[in-house]
Amino acid sequence: MVIKQNILGLGVILISLFTMMAPMKAQAEYGDVVINNYADAAEMRPAVFPHWFHRIRFNCSVCHADLGFKFGAGKNEITMAKIIEGEFCGACHNGEIAWSIENCDVCHSGISGTPTQVKGSPLRASNIAAPK
Amino acid sequence: MYKLSVLILIASISGVFSLVASADSSNTFNRMLKPQAPANLPPAEDGLHDPDNPGTHMLQPPKEAFEGLVKAKWGNKVDWIKSIKTKKISPRHNASDAAPKPIIMNLNIVRQVKGSMPDVVFPHDRHTLLLACSNCHTGIFIPQKGANQMSMAAIMLGESCGKCHGAVAFPITTSTCKLCHSKPKAKNSVLKRSVTGS
């Protein structure tokens, strides 16, 4: 009887867990930045910058001090022309330090229409507009 | 065995029904509580990357990269500082040269805060491990005692500490308050302050 009750309990827990999981919306990685300043208008998917991947390899200051990336999603007005000239992503993504820009869809991999944002920001959670 | 499976079936059906019923009702349990989304999903399933894009499938799944790093309960579930200090990762301090090392500044700044929360200790050491002085000074913080107005409201809106904390550095949640608010106040100091009005 005890075993039966245990199994019954387990069944209830499993089913509740299953039904609770269903409506959960998937979330990208904390800190991922969607950059959609110009992409939608140019009919490209927005670029997604994986912060976590880069912070494993570089200190913050490499990009945010040495390369001049301002803090803030969308504040850097990055264009492909600037990247080709070696600015922003192009400082490393030049075929020397990291792979070159011919892999368009590795960066331009976001779902079209996703607004510029940093994932996990309390601003986003509370639907407050970012201060200008 | 047959009875057992019938029991489980009944339990499952009743479980599903009770949840469906509660979802239809206006008096649901934990109405405002959003269930936490699963962390560290592969790019094609994370709701941000386009699964129809071939490049999405070339990206490394975060779970693979985080294997063996020091775990945390917040953000992307990695304690980045501890992961560096225990040499699980060794991020470069220069884009093209692996040799340069950051210059660590050992200076703790204590900020006395209003209200009952413990005072804030700002550790320069772990910030200079990752950042250059120019990242914060003087654009975000004036390096002078008492010169910087800040509040949790402003931080939550992405000002001062909130430029990074809540965007990429550990987020502001109820489980992270004490990482900054770490210095217990002297006894009765809260009361004294409210009495003297300072």
Is the closest side-chain heavy-atom distance between Leu59(B) and Pro50(A) below 4.5 Å? no

Against chain A, label [X] side chain, backbone, both or neither, depending on which of its atoms sit under 4.5 Å from a heavy atom there.
X: Pro61(B); value: backbone
X: Leu130(B); value: both
X: Ser96(B); value: both
X: Pro102(B); value: side chain
X: Ile140(B); value: side chain

Walk me through it: do Leu131(B) and Asn59(A) pass the test side chain to side chain contact (heavy atoms under 4.5 Å, CB included)? CA-CA 7 Å; Leu131(B) 290 153; Asn59(A) 279 347; over 6 Å; no

Given the options Lys70(A), His64(A), His54(A), which has more heavy-atom pairs under 4.5 Å with chain B than any of the others? His64(A)

Determine whether more than 12 heavy atoms belonging to other residues, nucleotides or ligands lie under 6.0 Å from atom NZ of Lys71(B). no

For the residue pair [X] and [Y], what are the closest heavy atoms and their distance?
X: Asp105(A); Y: Gly55(B); value: OD2-N, 3.3 Å
X: Ser61(A); Y: His93(B); value: OG-CE1, 3.1 Å
X: Leu48(B); Y: Lys119(A); value: CD2-CG, 3.7 Å
X: Lys163(B); Y: Phe71(A); value: CD-CB, 4.3 Å
X: His108(A); Y: Asn53(B); value: O-ND2, 3.6 Å
X: Gly110(A); Y: Asp50(B); value: O-CB, 3.6 Å

Could you go through the side chain to side chain contact (heavy atoms under 4.5 Å, CB included) check for Val168(B) and Val118(A) one step at a time? CA-CA 8 Å; Val168(B) 63; Val118(A) 55; 5.7 Å; no

Please flag which part of Ile56(A) lies under 4.5 Å from any non-hydrogen atom of chain B: side chain, backbone, both or neither. both

Phe53(A) versus chain B, the contacting section by heavy-atom distance below 4.5 Å: side chain

Rounded distance (nearest 0.5 Å) linking atom [atom1] of [X] with atom [atom2] of [Y]:
X: Arg55(A); Y: Ser83(B); atom1: CZ; atom2: OG; result: 9.0 Å
X: Gln60(B); Y: Trp52(A); atom1: CD; atom2: CH2; result: 4.5 Å
X: Ile111(A); Y: Thr56(B); atom1: CD1; atom2: OG1; result: 8.5 Å

Positions in residues 83-93 of chain A that reach chain B, provided some heavy atom is under 4.5 Å away: Cys92(A)

